[in-house]
Each structure stands twice: as C-alpha cells, then as structure tokens.
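See below for the structure under consideration.
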Amino acid sequence: MFEKYEGTVVCASKYFNTDQMTKLYHQGIFHFGENRVQDLLKKQSELADLNITWHFIGHLQTNKVKDMINQIDYLHTLDRLSLVKTIQKYAFKAVKCLIQVNLTEEDQKSGVLLENLDQFLLEIKKYDKIELIGLMTIGKDNDVEETDRVFAKLDELANKYQLPLRSMGMSNDYELAIKHHSTHLRIGRKFMEFLD
Ligand SMILES: *Cc1c(COP(=O)(O)O)cnc(C)c1O
C-alpha cells in the first residue's frame, strides 16, 4: 500500500494488541506510535524482543513524562512550555521532538497555535534535552479542502524553520499528506486490512 512512499510509515497502534503488532512487524512495519503512556509501557515490555522504533503521538500529561520519556525514540506532540520543562528535568539525554501545531484552530485539538509558534520556538532553544527535528499536525475530519490547506501550511513552516520532519497524514488523508511532502505518516485503521 505504501510501497512507493519514501518516508516513514508509523503504525498508530492504539487499535492493535501486541499479537497484531507482531504480525505487522513481520510484514515490515518497524515504527509504532502509541497515544497513551500506560499502553506504551505495557506493549514495550511485551514486545521487548522486537527491534521497534517507538513514537509517542498522543497528548502527553506532564505527570507521565518521568515514566516514559527515556523509553521512546520520537515525541510527536510537544505542545507547551510546561511539557518542555518537565522533559528537561527527567530526560537522561536529548529527546527527538516534533512540535504539534494546531492549524485548524479547533478547540478540542492540542497543539501550538500558529500565532504562538515563533515565540515557542525561541523559548525551547534554551532547553538542551529538546532536540527539535520537526513539526506535526492533524487534518480536519471530513474536510478535504481544509486538510489540504493545513498540510501545505505545515510543509511551508517546516521549510521556513528548516526542520526536516513533517508528521502528517492518517488513514483518510495520507495521499494529501504525501502530496505536501510528509515524512512520517501515522496510519491506524487502514492497517486492519493487513490483519485478517
Ligand atoms: C489514531 C491516530 C492516528 C491514526 O488514525 P487513523 O485514522 O486510524 O489512521 C494518527 N495520529 C494520531 C495522533 C492518532 O491518535
């Protein structure tokens, strides 16, 4: 399905148990992204024999940082200064982070608003445990035009700030994301097709 895509396909594995994840692994999916700290830690211990690259893609509460920040390879959802400060406190080494940008300005979504992005980028420079490598965003459900706009915007911002990673595109909008130079698709439900 993603044979021609040159970026990284991260399986958003909140829908899958570790047996299903093992099946996907043996079909060539080595990157998994979890939304909840508890699930991440449980699955990591069950899948310790596999050489998985672990992404955290959900909203991260500061009181959970200590338990997981040294266990992941990428954090896609850096979105506020309190989180930055907590990571600075507990990380043993610099953590590869992407800033989640809320480009649709929906209230229920996390993420830094565009108007605050410049300032946030300036502030996090002081923290040596944050290795900023990219931006992440989520499209708008059932709105192709708006999703097209925000993916184009994320690409533009990543260029402007010279950040190599663009985490965008899910089961319903990955083609649009690829068009706008996504480097990391986060695919969940669509992987069910591989698992009969
Ligand atoms: C669940 C989830 C995905 C994957 O969604 P699908 O529509 O199932 O592909 C991607 N990103 C985040 C942040 C998610 O929570």
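Both ligands and their constituent atoms are indexed starting at 1 by order of listing. Bear in mind the structure is a predicted one, so any value in this text is a computation, not a measurement.
- Applying the salt bridge (Lys or Arg N to Asp or Glu O under 4.0 Å) test to residues at least two apart or on different chains, none of the pairs has a partner in residues 112-140.
- Asn159 and Arg166 share a donor-acceptor pair across their side chains, judged by distance under 3.5 Å alone.
- With hydrogens and angles left out, the side-chain atoms of His181 and Asp155 include a donor and acceptor closer than 3.5 Å.
- Judged purely by distance below 3.5 Å, without hydrogens or angles, the side chains of Thr8 and His31 never pair a donor atom with an acceptor atom.
- Looking at Lys43 and Glu46, no side-chain N of the basic residue comes within less than 4.0 Å of a carboxylate O on the acidic one, giving no salt bridge.
- If you check the side chains of Thr104 and Glu146, you find no donor sitting under 3.5 Å from an acceptor.
- Near ligand 1, residues Ala12, Lys14, Tyr15, Asn35, Ile57, Met170, Ser171, Arg186, Ile187, Gly188, Arg189 each place a heavy atom inside the 4.0 Å sphere around the ligand atoms.
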